[in-house]
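Below you'll find the structure, written out as structure tokens, and then a few comments.
Naming: A, B, ... by sequence-line order, numbering from 1 per chain.
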Amino acid sequence: MNDRNSESPIIEIRGATRHFGGAWPAVDNIDLDIAEGEFFALLGPSGCGKTTLLRMIAGFENPNEGTIRIDGVDVAGLAPNRRPVNMVFQSYAVFPFMSVFDNIAYGLKVSKVPVSQRRKRVEEALALVRLDGLGQRMPDQISGGQRQRVALARALVKRPRVLLLDEPLSALDAKLRETMQMELVSLQKKVGITFVLVTHDQDEALSMADRIAIMDRGRVRQIADPTTIYESPTSRFVAEFIGKVNLFDAVVKEVLDAEDRIVFEVEGLGELRLPRSRTAGSPMPAASTALAIRPEKIRLSAERPADPIAFEARLEGFAYHGSQSHLHLITEGGGRLSVTSVNSKRKPCESERGKRCFISWDFDDTLILNE
Amino acid sequence: MHRSTSFWTFFLPPSLWLALFFLAPLALVFGFSFAEKRGLIDIVITGTLDNYLRALDPLYLRIFVKSFWFAGLTTLICLIMAFPIALIIAFSSAKWKPILLLLVILPFWTNLLIRTYALIAVLRTRGYVNFSAEWLWEKANAGLNLLGLGDYQLLGERFVPFELLYNNTAVVFGLVYVHLPFMVLPLYAALDRMDRSYIEASLDLGAGQLRTFFSVVMPLALPGIISGIIITFIPALGSFLTPDLLGGTDSQMIANVIERQFKSANDWPFGAALSFILMYITFFALAVRALADKGNRGSGSTPA
């Protein structure tokens, strides 16, 4: 994380493309830099190419075009066993016929680390993933969470430059997953090794990664830190993939240079004036675009509020979720919105269907999506 | 009540079949093995152990040992040959897999006798192997003549055909040919359902292809290897047709001896005893395997 710019990236991907003969390339001309010591997440729906990209870094797939450099070295044609990276597999792939100790020692044994040193390093790795004393167990005598730690220890004991994690938590139950998320993050800070995580779980990526690359159909749609990804998505795809969002088609109606405002005609809402600074570039009148607003950024009130963005709406439906409630509203223009309200008081907010109310939000929370 | 009726409806016919055509003859042969021959066709079950004692004669023991040696060698050669075949099939694309599997199973569609006669046609003195060798010999000789070395008879005066039939090598060759699919199929099944990420994990941890094969693929395929060994070794041990047709006087296996007792020697009690000794050995091998299996399933952890 610290002074990332001063060093050259540990992983440098340029124009990487991989065809499998589908409708579009599994990985399509991707440029990506991953910095030393970073916790990087590749996030996307299934089939977006994230796993293929990870397997290309590991050496299990070769790009049809483009180059991959690891630590400054072009790894084209370099077999997986010659790359300074190690992988934690989705199925963990802990060898069932070897004890936990032998599993972790395997990588050291094949690279001919002397026995005395091997023992010490395995013990250290066991302690690192808090499996002390379980070395003599067989994989079928430990829990799924513990097997996952064995897979981690087995990869980390090799002291790789980069640790690749392919959906490492998807096989764990929800509670354990949350614990392991926090453990993985603190482990990464402790060992200081670059982690590249592949996941389809947005929560996982947002809560764990320093930076996220959102992928779709073999392409990278946006690379940014979690806050930027959530609060300032640059495309419809990213906005809809991460979290919930209310999306509206819009057309630029007028650019008011004097007031430094842009007037949008928003489908279902009506006219909306936004400060020019909210939009990137210089929108032309009649340009079509999309506006988005996150459900939790919308305020509800009984009286018309003084905010510049406010609409009257009717409550259509209501779903109680314990810590929060989801409200479905219809504006006078026919636009449908969902609003999340946090149930900070014991009594949930009014839920009478057909009730009229006002919704409002801030300029800053309005997302303008050009793609 | 109703359930038990339908149970008997399904259970009875196959049980009767088994009892009538398998257990009864087996019991008869078992009885004969404790019998004495009186006259040409009279056999009296007297409870004697003479037949079993006679089987311990060095003459027959040698044939037992020879049968074990043939079957063991066949199993080993099959294992070494079948592993690459099974690997290739397991790792080929979904399009090729059924075709390759079909090629492995295809010989089963032809009668064993016909396949063995076909082998004779390949291996005999005027067979395809020797034809090919002779053709090569003539071409090589013509080449030597062209070089002006024709007068030295470097390749011998005449082509001498290889003696490929009616010896021990022919028997093992035939046994390997017949039993290879029995080894390929269980190995393929074990390799095909193996999680590929084990192999990738091994490569990822720095092991080469060969190391990965011996340290990861072989142990994971062990159940398939053991099944393959058993279903190759047991029928190979009791082979009759292959040594009978391809073997010489010196390459008789135990099944040939048994056949002779029942037919030309007309000594059913002794043939029965030999049969049962073969069965006991087979059962013993299976029992050892089951015990080893039980031992493996317990904790088998060893420190590095």
Side-chain angles (χ1 to χ4, degrees), chain A residues 54-55 57-61 79-113 115-116 118-119 121-123 134-141 150-151 154-160 163-164 166-167, chain B residues 79 83 86-87 90-97 186-187 189-229 289 291-304:
Chain A
L54 193 78
R55 290 170 61 80
I57 300 172
F60 297 122
E61 302 284 353
N81 53 344
R82 310 215 173 278
R83 297 189 181 199
V85 298
N86 284 109
M87 187 146 158
V88 174
F89 291 82
Q90 186 170 11
S91 61
Y92 312 150
V94 172
F95 304 131
F97 50 88
M98 285 184 198
S99 67
V100 167
F101 187 99
D102 289 346
N103 258 284
I104 300 172
Y106 182 79
L108 301 176
K109 217 163 152 181
V110 296
S111 49
K112 304 200 167 54
V113 174
V115 179
S116 56
R118 206 190 291 165
R119 178 166 281 278
R121 274 171 73 174
V122 173
E123 296 294 348
L134 294 183
Q136 296 319 312
R137 297 273 189 94
M138 294 304 281
D140 59 0
Q141 295 170 324
V150 174
R154 188 175 69 175
L156 284 172
V157 81
K158 295 273 294 177
R159 296 178 186 153
L163 184 75
L164 308 172
D166 184 10
E167 307 252 10
Chain B
L79 184 64
F83 227 113
L87 271 176
F91 282 90
S92 58
S93 67
K95 198 182 90 187
W96 278 98
K97 228 178 249 188
L187 282 182
L191 292 172
D192 194 51
R193 61 167 180 262
M194 192 171 74
D195 186 349
R196 297 293 144 85
S197 51
Y198 288 124
I199 297 171
E200 290 183 344
S202 172
L203 295 171
D204 185 71
L205 290 166
Q209 303 275 355
L210 216 61
R211 178 74 188 238
T212 299
F213 177 78
F214 286 110
S215 300
V216 175
V217 177
M218 287 263 283
L220 283 171
L222 197 63
I225 294 173
I226 292 173
S227 309
I229 287 175
R289 195 252 150 141
L291 278 177
D293 224 28
K294 219 169 167 185
N296 275 344
R297 218 167 293 146
S299 66
S301 52
T302 44

- Message: Taking CZ in B:Arg196 as the centre, count heavy atoms belonging to other residues, nucleotides or ligands within less than 6.0 Å. Is the count above 12?
- Response: yes
Less than 4.5 Å to any heavy atom of chain B: does that hold for the side chain of [X], its backbone, both, or neither?
X: A:Tyr106; result: side chain
X: A:Arg83; result: neither
X: A:Val157; result: neither

- Query: Among A:Ala93, A:Ala155, A:Ala151, which residue forms the greatest number of heavy-atom pairs with chain B at distances under 4.5 Å?
  - Reply: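 With the most close heavy-atom pairs to chain B, the winner is A:Ala93.
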- Message: As an exercise: rank A:Ala79, A:Ser91, A:Gly135 by heavy-atom pairs under 4.5 Å with chain B and give me the winner.
- Response: A:Ser91
Of the non-hydrogen atoms in [X] and [Y], which two are nearest, and what is the gap between them?
X: A:Met87; Y: B:Asp204; result: N-OD2, 2.6 Å
X: A:Arg154; Y: B:Ala201; result: NH2-CB, 3.5 Å
X: B:Tyr198; Y: A:Pro96; result: CE2-CD, 3.7 Å
X: B:Ser197; Y: A:Phe89; result: CB-CD2, 3.8 Å

- Is A:Asn81 reaching over with its side chain to a backbone N or O of B:Ala207, donor-acceptor style, under 3.5 angstrom?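 Looks like yes, one N/O pair under 3.5 Å.
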- Message: So for B:Asp195, is it side chain, backbone, both, or neither that comes closer than 4.5 Å to the heavy atoms of chain A?
- Response: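 The side chain, not the backbone.
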- Point-to-point distance, once rounded to the nearest 0.5 Å, from CZ of A:Phe60 to CD1 of B:Ile199: 10.5 Å
- Message: Within the 4.5 Å heavy-atom criterion, are B:Leu205 and A:Ser111 side-chain neighbours or not?
- Response: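 Not in contact.
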- Item | Trace of the side chain to side chain contact (heavy atoms under 4.5 Å, CB included) decision for B:Ser215 with A:Phe95 | CA-CA 10 Å; B:Ser215 300; A:Phe95 304 131; over 6 Å; no
